[in-house]
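Some notes on the structure that comes next.
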2 protein chains.
Amino acid sequence: MPRTPPQCPMDSILRLLMGPWTTHIIWVLSDQGPQRFGVLKRAVPGISTRMLTERLRMLQRAGVVWREQAETIPPAVTYGLTPRGNDLRGVLDAMGEIAERWKTEGVFEGDDLGGAASPNSRL
Amino acid sequence: MPRTPPQCPMDSILRLLMGPWTTHIIWVLSDQGPQRFGVLKRAVPGISTRMLTERLRMLQRAGVVWREQAETIPPAVTYGLTPRGNDLRGVLDAMGEIAERWKTEGVFEGDDLGGAASPNSRL
DNA sequence: TAAAGTAGGGACGAAAAAGTAACTATAAAA
DNA sequence: TTTTATAGTTACTTTTTCGTCCCTACTTTA
C-alpha cells in the first residue's frame, strides 16, 4: 500500500478492512458468534497462524473485536465482535448482496480480477 | 494476496475492491461523473500513471467502468461507471457513513491500523 | 513415555506489489 | 524550434507482504 497521507476516515477504514483475510474473519465472527482461536482458524481455511494472530491484533487495536483469555493452563482465548464490529456487518451484507447478484449475472467467469495482472505476475 | 481457492463471490468482489486505489477511483467517478484520464489522475493525488492505468483496466474487465477513446491525435480517453459500477456506490456510502461516525468517536487517533504492523515494518 | 493440543512469538526468505524513470506518437502553443 | 500535452507501455528497482518452519509451557491422552 502506498504512502497515502490521507487524513481521510474512509481511507483508514479501508486500510482496516482491506487486508487479505480481514473481512472473512469478521464475517465468521458475525455469523457464528464468538469463537476460540483454533475454531476460528479452521473456519478460515488456508490462513496461517501468523496471519490470523496479526489480523486479530489489528482488529482488536481498532476496537472491532474483543479478546478474552482464560488463564487456564492450555490457555483458552475467545474472540468476538464489539458493537463497533457489528457496524461493519451492514457493509458486508451489502457487498454480499451485490456479489450474489453479479454471480447470477456471470460476472466472475474468467475470474482474473483483482491482481496486478499485467506487470510482474508470475515472473 | 494468498491463494484463496475460493469460488466465493464475496472473495471475488473483495479482490476487486481491495486494491489500494480502487475505491478511491470509483468514488471519484461516482461523485464527479465520467472523467478523462488526466483529470482522474489529478483527482486521486499520489497515484502513479502505471497504477491508475492498471486499476482502470481491471475495473473495465470486471464491467465496472467503461472506457471511451476518441481517436484524435492527442488521444482523449474518458472513463465512467457502468450500471454495475453504480451498484458499488451503496457499499461505499455505507462505509463512508461508518467512517464518519468512527471519526467523531476518535477511533483513528493513533492510526497504525491496517498494516502488518509487527514483523517487518520499517526495517 | 511419548505425542498432541492450545495460543501464539520470532526469524528467514521468496514472491508479489508498487514506485520511478524512460519511452511512444502527434499536434498545438510559445 | 523547442516545449507541452495526451494516454499510456515497458523495464528496472525497491518495498512490503506473507507463508514456512521452529520455539514456548503445560496438560491430557494414547
Side-chain angles (χ1 to χ4, degrees), chain A residues 1-5 14-16 18-22 24-25 34-60 65-80 112-123, chain B residues 1-5 15-22 24-25 34-60 65-80 112-123:
Chain A
M1 273 92 252
R3 33 218 91 345
T4 340
L14 280 171
R15 284 216 307 286
L16 177 73
M18 247 173 44
W21 307 94
T22 315
H24 197 152
I25 295 169
Q35 300 291 333
R36 291 186 52 183
F37 186 89
V39 180
L40 205 46
K41 183 156 155 37
R42 271 165 248 131
V44 185
I47 197 170
S48 65
T49 304
R50 189 183 180 287
M51 256 297 103
L52 182 53
T53 306
E54 186 206 314
R55 297 278 109 178
L56 286 170
R57 292 277 185 280
M58 193 244 321
L59 293 171
Q60 204 188 337
V65 309
W66 49 260
R67 183 190 126 111
E68 187 190 75
Q69 174 160 16
E71 292 289 0
T72 56
I73 273 310
V77 180
T78 305
Y79 293 91
D112 57 344
L113 281 344
S118 17
N120 297 340
S121 282
R122 221 120 354 270
L123 54 94
Chain B
M1 272 91 255
R3 34 221 88 343
T4 340
R15 284 216 307 286
L16 177 73
L17 291 176
M18 247 173 44
W21 306 94
T22 314
H24 197 153
I25 294 168
Q35 300 290 334
R36 292 186 52 184
F37 187 89
V39 180
L40 205 46
K41 183 155 153 40
R42 271 165 247 130
V44 185
I47 197 171
S48 66
T49 304
R50 189 183 180 286
M51 257 298 105
L52 182 53
T53 306
E54 187 206 314
R55 296 279 109 179
L56 286 170
R57 291 277 186 280
M58 192 245 320
L59 293 171
Q60 203 188 337
V65 309
W66 49 260
R67 184 191 125 109
E68 189 190 74
Q69 175 161 16
E71 292 289 0
T72 56
I73 272 311
V77 181
T78 305
Y79 294 91
D112 56 345
L113 279 345
S118 17
N120 296 339
S121 283
R122 227 107 2 266
L123 53 92

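Naming convention: chains lettered A, B, ... in sequence-line order (proteins, then strands); numbering from 1 in each chain.
In this model, the phosphate group of dT6(C) is approached by a side-chain N or O of Arg42(A) to a distance below 4.0 Å at OP1 or OP2. OP1 or OP2 of dG19(C) sits under 4.0 Å from a side-chain N or O of Ser48(B). OP1 or OP2 of dG19(D) lies within a sub-4.0 Å distance of a side-chain N or O belonging to Trp21(A).
Here dG9(C) presents its P atom at 11 Å from CG of Leu52(A), a figure rounded to the nearest Å. Atom CZ in Arg50(B) sits about 14 Å away from atom P in dA21(C), given to the nearest Å. Ile73(B) has its CD1 atom 5 Å from the C1' atom of dT26(C), to the nearest Å. Between the CD atom of Gln69(B) and the P atom of dG8(D) there is a distance of 7 Å, rounded to whole Å. Put simply, CE on Met51(A) is 5 Å from P on dC18(D), counting in whole angstrom units. Rounded to an integer number of Å, the gap from Glu54(B) CD to dA16(C) C1' is 11 Å. Rounded to whole Å, atom P of dT9(D) lies 14 Å from atom NZ of Lys41(B).
Among the heavy atoms of the strands lying under 4.0 Å from Thr53(A) are primed sugar atoms or P, OP1, OP2 only; no base atom is included.
Separation of atoms NZ (Lys41(A)) and CE (Met51(A)) is listed at 12.0 Å; rounding is to 0.5 Å.
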